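See below for the structure under consideration.
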Amino acid sequence: MSQSRSMQKGTQHERIPVHIFEGPDEVARKVARRVSDLIRMRAAAGLQTALGLPTGSTTIGVYKELIRLHRKEQLDFSTVVAFNLDEYYPISPDSLQSYHRFIRENLFDHINLPPEQIHIPRGDLPRKALDAFCMDYEAQISAHGGLDLVLLGIGRSGHIGFNEPGSRRTTRTRVVILTELTRKDAASSFFGASSVPRQAVTIGVGTILDAHEIILMATGEHKAGIIRRSVEGPISEEVVASFLQEHPRVAIYVDRPAASALTREEKPWLVRDLEWNYAMAKRAVLWLSENLGKALLRLEAADFHNNNLHTLVYAYPDTDALCIRVFDDLRQRILYTDSLPKNERVILFSPHPDDDVISMGGMLDKLVRNGNDIIVAYMTNGSVAVFDEDVVRYLRFVEMCMQGLALPEGAIRQFQSHKARIQRFLQSKKAGEVDLEEVQHLKASIRYSEAIAGIKVMGLSDEHARFLDLPFYQTGRIKKKPITSADIDIVLNLLHERRPHHIFVAGDLSDPHGTHRMCYVAVQGALARYDRREAPKIWLYRGAWQEWEIHKADVFMPMSQAEMARKIEAIFKHESQKDRAMFPGAHDDREFWQRARDRNTTTATAINRLGLPEFYAAEAFVTSHTL
């Protein structure tokens, strides 16, 4: 639970009130309750409520909760006037990526908001008509006395609405040019950055700051850095969200991962007195070692005193003993091949068909060598991440093979008919359009064949691969269905069949596309129904986006240069994701194999700098018996 600002300690660096909650669901409930209370309060006074409403994945939970409040607690939206914050330009209102469509599907179609009280920026007007439209949009907001409450998300560049870096404080509703970072962030929805519109219509920073109340929401570790800059950094046009520091009634609602870079969360000893326990002391000692560039066993008592750690010295007067304890703690977490599972049953749950080798290819390699009975369970088929050109290339390959194998002319003609129809569809396909079912099947087959090739590098074969193809993913779109009992049952059936001693699960909940989080929920649901007497040991690995921090990891698994090379070879087998991937993530231009290499070598270097054994690379894991 969050604390009220007056009760919080250690917030002196924060220039905006920040409320921290344990997870995104609690953030959604709290924000929706605040919206509900405001609507009810103003309606009781005979007043309308003018809301500024955003789009994006963070807001979906809020809208679901508002719909629930409408249906279960009779929340009346008839007194609401809604103003959406932005829209792509140019775009049709019925486009899959249109914010018109998003807000209808996720909110307006499910509540009693009168259509005449809905206002959404137009993305389908002629360019010459946009300036007049923007002026009228601004006038309509002013006619309602400004916005009573604006809900905001935040982009990784710090934009609010589509007010990109460089936007001035005084800006109003207008047409903007989207930055490369924003367009890359949106690439997954448009099936490629090249299809993302280059412009958008957005209400201005000044329009937002004129609102009576503002709530900004953020969830996930990938938002942690920009939240810190917005809250603790100076006001700057380069981080537009920092302008919120000037508003008298603004609050930021975040889950704990999104708050993790705030000083009070990342380095609390710098901003408040602590009741030290060993876990926090370990974090502080590791920070001190890294900050000073000194190995753990070279730290001196003066280093603690000179770096605002007096209270830690008071709690642990023998700093040498504390450093030795931390050193030994980490040393025991380094597990070489002989200390890893042997001759046991293992399930590796891989959300996409390449997360296994990207994230824990080194561990998989050693588990195979240790004689374990392994199943790699690919939870989704990853088909949406395959380029159309790859389908055409493989169709051409099959056609050439059919001719080279002297197959019957009838079979060749039938195949060529299918190929021609698929090519016609792909040539006329619009950005983000759902593929034909057979195209989805072909793309899934490409990913599956690559997955098998990848694990063969580690000494496994196709009999060790299980393609679960969970139903939540089967939409043909980036937007997925919720996790249901159908997904959980598939995972549970595999657990019952295999009775594993160990399972490996993606714990990278900041995956920007959400699939890792949803797969985690499916495994979590299955384990909740699984026989607790046979509960497997759970190993959480992280994906392509980041590695476990040193103070959080329970296991460090060293890798030699040759082992790293084998891991990279396995990643290379995923040719559809090589050179350029459909959804590489907006913040990192490196290929997946480069990210894996750099992440693993960086972890090893960090361990070495602490004075621990030196090795070429390392993978990190968190272990437990519950999710």
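Every value quoted in this text rests on a predicted model; they were computed, and no experiment measured them.
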Atom [atom1] of [X] and atom [atom2] of [Y]: how far apart are they, to the nearest 0.5 Å?
| X | Y | atom1 | atom2 | result |
| --- | --- | --- | --- | --- |
| Gln440 | Lys443 | CD | NZ | 8.5 Å |
| Leu69 | Arg71 | CG | CZ | 11.5 Å |
| Met217 | Lys30 | CE | NZ | 15.5 Å |
| Leu286 | Ile550 | CG | CD1 | 7.5 Å |
| Ile227 | Arg156 | CD1 | CZ | 13.0 Å |
| Leu540 | Thr623 | CG | OG1 | 8.5 Å |

When you check the side-chain N and O atoms of Thr182 and His159, is any donor under 3.5 Å from an acceptor? yes
Assess, by modelled atom type and distance only, whether the side chains of Asn372 and His502 contain a donor and an acceptor separated by less than 3.5 Å. no
Under 3.5 Å: donor-acceptor pair, side chain of [X], backbone of [Y]:
| X | Y | result |
| --- | --- | --- |
| Asp462 | Ile452 | no |
| Lys366 | Leu340 | no |
| Ser350 | Asp356 | yes |
| Thr380 | Tyr473 | no |
| His501 | Asn343 | no |
| Arg466 | Val376 | no |

When you check the gap from the basic side-chain N to the acidic O, do [X] and [Y] get nearer than 4.0 Å?
| X | Y | value |
| --- | --- | --- |
| Asp487 | Lys481 | no |
| Glu266 | Arg283 | no |
| Glu26 | Arg29 | no |
| Glu591 | Arg597 | no |
| Glu547 | Arg542 | no |
| Asp489 | Arg529 | yes |
| Lys567 | Glu619 | yes |
| Glu232 | Arg228 | no |
| Lys456 | Glu569 | no |

Taking the side chain as every heavy atom from C-beta outward, state whether [X] and [Y] have any atom pair closer than 4.5 Å.
| X | Y | result |
| --- | --- | --- |
| Leu107 | Thr59 | no |
| Glu73 | Ser36 | no |
| Val254 | Val27 | no |
| Val18 | Thr11 | no |
| Ser576 | Asp390 | yes |
| Phe615 | Ile607 | yes |
| Phe504 | Phe621 | yes |
| Pro500 | Lys537 | no |

Can you confirm whether [X] is buried at [atom1], in the sense that more than 12 heavy atoms of other residues, nucleotides or ligands lie under 6.0 Å from that atom?
| X | atom1 | answer |
| --- | --- | --- |
| Lys64 | NZ | no |
| His496 | NE2 | yes |
| Arg566 | CZ | yes |
| Glu275 | CD | no |
| Glu290 | CD | no |

Geometric class of the Phe21/Tyr253 ring pair [parallel <30°, tilted 30-60°, perpendicular >60°]: parallel
Give me the ring orientation class for Tyr99 and Phe102: parallel if the planes are under 30° apart, tilted from 30 to 60°, perpendicular past 60°. perpendicular
Can you tell me which residue among Arg499, Arg498, Arg345 is in a salt bridge (Lys or Arg N to Asp or Glu O under 4.0 Å) with Asp373? Arg498
Distance flag, aromatic centroids of Tyr378 and Tyr448, threshold under 6.0 Å: no
Give the intermediate values and the outcome of side-chain contact (heavy atoms from CB on, under 4.5 Å) for residues Glu450 and Asp354. CA-CA 8 Å; Glu450 292 172 345; Asp354 56 359; over 6 Å; no
Start with the C-alpha gap between Phe77 and Phe108, add the side-chain angles, then the distance that decides, and say whether side-chain contact (heavy atoms from CB on, under 4.5 Å) holds. CA-CA 10 Å; Phe77 286 87; Phe108 293 163; over 6 Å; no
Evaluate the criterion side-chain hydrogen bond (donor to acceptor under 3.5 Å, both in side chains) for residue pair Glu221 and Ser260; output intermediate values, then yes/no. CA-CA 7 Å; Glu221 288 177 334; Ser260 61; 5.1 Å; no
Under the side-chain contact (heavy atoms from CB on, under 4.5 Å) criterion, do Leu627 and Val523 qualify, and how do the steps go? CA-CA 8 Å; Leu627 280 183; Val523 176; 3.8 Å; yes
Using salt bridge (Lys or Arg N to Asp or Glu O under 4.0 Å), reason through Glu575 and Arg447 one step at a time and then give a plain yes or no. CA-CA 9 Å; Glu575 294 181 6; Arg447 297 301 305 271; over 6 Å; no
Determine the sole option in Arg333, Arg331, Arg325, Gln332 for which the side-chain hydrogen bond (donor to acceptor under 3.5 Å, both in side chains) test with Asp329 is passed. Arg333
